[in-house]
Amino acid sequence: MKKKIKNQKMKSLWEEFKKFISRGNVVDMAVAVVIGGAFSAIVKALTDILLSICTWGVPGGLTGLITVLPAINSGQRAPDGYKSVYTATEFLSKDFNASETAMYVQHGQQYYYKGLAIIDWGTFINAIITFLIIALTLFVILKVFNNLKNKRKAIEDKIKEEYYKKHPEERPKEEVVVKPITELDVLKDIKDIMKSQGQVKKHPTRKIKY
């Protein structure tokens, strides 16, 4: 008996799970996630191409646009025997081990000691340009999609209208929108009824003598 009840519960859970995964919104969401992931790769590739075109004239790219703030304490300076800034040629010619290489970060054509206080303008500008390119790309795609959608709807409406002209009896009736009655409307109706029955008297205007 217990085994039978358990099997029924499992069957019920399985039926609920099948209903859940077969619902339209869940399937649509899954499709949207998969297509969105594939579409993001296309947008990123296009962004990289346009970004490289926009910044080709800057030596070392936008990553080289930085401002090094003055060192406040010794912790912001490179250790003795090391420079705070190396050119790419100097840095690559040094026989640095892994720990020494990890002390520096590359910005454009130069390597900077990580302890330096740096304002990274290049990364900030990069992010702005990337955002604008992605926004413009999505805007153009949505614009084209909406235009195609509107054209398709216009064609469908035209076909439907031609069909209803040939078969007027099948044209759906327009719904009559009933305006809700407010308290003010009721009071106006009562006033009109009383006026028609002569129960509402006009107050005589008082004449002012000068």
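Residue indices begin at 1 and follow the sequence shown.
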CZ on F96 to CE on M103, rounded to 0.5 Å:
6.5 Å
How is the hydrophobic cluster of I128 composed, in terms of its other members, when Ile, Leu, Val, Met, Phe, Trp and Tyr link through side-chain heavy atoms under 4.5 Å apart, directly or indirectly?
F124, F131, L132
Qualifying salt bridge (charged side-chain N to carboxylate O under 4.0 Å, His left out) pairs, either residue in residues 94-104, two or more places apart
none
Show me the pairs that pass salt bridge (charged side-chain N to carboxylate O under 4.0 Å, His left out) and involve residues 130-153, at least two apart or across chains.
R152-E156, K153-D157
Name all residues meeting the side chain to side chain contact (heavy atoms under 4.5 Å, CB included) criterion together with V68; count only those two or more places apart in sequence or in a different chain, and write none if there are none.
I66, Y112, L116, I118
Side-chain heavy atoms under 4.5 Å apart, restricted to Ile/Leu/Val/Met/Phe/Trp/Tyr: what other residues fall into the cluster of Y164, or is it alone?
Y163
Tell me whether F145 shares a hydrophobic cluster with F139, the cluster being built from Ile, Leu, Val, Met, Phe, Trp, Tyr side chains joined at under 4.5 Å.
no
Mind checking side-chain hydrogen bond (donor to acceptor under 3.5 Å, both in side chains) for T67 and listing every partner two or more places apart, or none if nothing turns up?
W121
Between the main-chain N or O of V105 and the side-chain N or O of K114, is there a donor-acceptor pair closer than 3.5 Å?
no
If hydrophobic clusters are built by linking Ile, Leu, Val, Met, Phe, Trp and Tyr wherever their side-chain heavy atoms come under 4.5 Å apart, do I141 and V34 end up in the same one?
no
Excluding sequence neighbours, so at least two apart, what forms side-chain hydrogen bond (donor to acceptor under 3.5 Å, both in side chains) with N97?
S99
Counterpart residues, salt bridge (charged side-chain N to carboxylate O under 4.0 Å, His left out), relative to K188 (two or more places apart)
none
Measuring from Y104:OH to Y111:OH, what's the distance to the nearest 0.5 Å?
12.5 Å
If you link I, L, V, M, F, W and Y whenever their side-chain heavy atoms are under 4.5 Å apart, who else ends up in the same group as I155?
I159
Closest non-hydrogen contact found for S84 with A78 is OG-N, 3.7 Å
Please check if atom CD in E161 has more than 12 non-hydrogen atoms from other residues, nucleotides or ligands closer than 6.0 Å.
yes
Does Y86 have any side-chain hydrogen bond (donor to acceptor under 3.5 Å, both in side chains) partners at least two apart in sequence or in another chain, and if so, which?
none
Return the set of residues passing side-chain hydrogen bond (donor to acceptor under 3.5 Å, both in side chains) with E169 (not counting sequence neighbours), or none when no residue passes.
none
Any residue meeting side chain to side chain contact (heavy atoms under 4.5 Å, CB included) with L187, in chain and number order, not counting sequence neighbours:
none
